[in-house]
Amino acid sequence: MSAAEEETRQLSPSEAEIRALLADPEEALRRWYAQYLAAEEEPDLILAGGGRPGQLGEFFDGWLKESRDRLRVVLCERLRYARFSERGKQLGEVALVGLVATLLTDVAAELVIDPLSTAAVLVIRRQLDTICPPDVATPS
């Protein structure tokens, strides 16, 4: 295995890690929030012990509303191609999270996110169709 292949393998999330996030939506939200909070100079919200049930989800929804346009630019063209190609129609949730996480890697620093947990939360909360609806043209 070449050095580049080894580095890619080490950076790629494992199927087990993706499955763990998909199986535990609260953990995926906690992981997303921890990354977001770590990068904020003055966090909008600090949740000790995770806050009340649903609070992290509400915070994620607020972040998503603010970030939707940027996510649309990054995800829609490639994601639409993947979903509507013959091979893409066979994508399961694990592969979809991996694909979205890969696409988010390019903007992770700009959006202050952990690509893997963000992708998992987007898939768990069924937000990809609201970001990239099938009948809406990709923005340029």
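All figures in this text were calculated on a predicted structure; none of them were measured in a lab. We use all heavy atoms of the structure for the numbers below, so side chains are in, but hydrogens, waters and symmetry mates are not.
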(message) Just to verify, what does Leu22 make a side-chain contact (heavy atoms from CB on, under 4.5 Å) with, not counting sequence neighbours?
(response) Ile18, Glu93, Val94, Val97, Val123, Ile124
(message) Under a 4.0 Å threshold between the charged nitrogen and the carboxylate oxygen, would Arg19 count as salt-bridged to Glu15?
(response) yes
(request) For the residue pair Leu75 and Leu104, establish whether any side-chain heavy-atom pair is separated by less than 4.5 Å. (result) yes
(message) I'd like to check Thr118 versus Gln35 (side-chain heavy atoms, cut-off strictly below 4.5 Å). Are they in contact?
(response) no
(request) Only counting residues at least two apart or in another chain, list the ones meeting salt bridge (Lys or Arg N to Asp or Glu O under 4.0 Å) with Asp61. (result) Arg125
(message) Pair Glu26, Arg31 - check salt bridge (charged side-chain N to carboxylate O under 4.0 Å, His left out), show working.
(response) CA-CA 9 Å; Glu26 287 300 315; Arg31 183 168 160 177; over 6 Å; no
(message) Is there a side-chain contact between Trp32 and Leu37 in this structure, where contact means two heavy atoms from C-beta onward sitting under 4.5 Å apart?
(response) no
(message) Within the 4.5 Å heavy-atom criterion, are Val74 and Asp106 side-chain neighbours or not?
(response) no
(message) How long is the straight-line distance from CD of Gln127 back to SG of Cys132, given to the nearest 0.5 Å?
(response) 11.5 Å
(request) Evaluate the criterion side-chain contact (heavy atoms from CB on, under 4.5 Å) for residue pair Leu64 and Leu71; output intermediate values, then yes/no. (result) CA-CA 9 Å; Leu64 181 59; Leu71 289 171; 3.5 Å; yes
(message) Suppose we call two aromatic rings close when their centres sit under 6.0 Å apart. Are Tyr36 and Phe59 close by that rule?
(response) yes
(request) State, to 0.1 Å, how close Thr130 and Arg72 come at their nearest heavy-atom pair, and which atoms those are. (result) O-NH2, 3.4 Å
(request) Indicate the atoms forming the closest heavy-atom contact of Ala28 with Ala120, along with that distance. (result) CB-CB, 4.3 Å
(message) If the condition is salt bridge (Lys or Arg N to Asp or Glu O under 4.0 Å), which residues does Arg68 pass it with, not counting sequence neighbours?
(response) none
(message) On a heavy-atom basis, which atom in Asp24 and which in Arg30 lie closest, and how many Å separate them?
(response) OD2-NH2, 4.2 Å
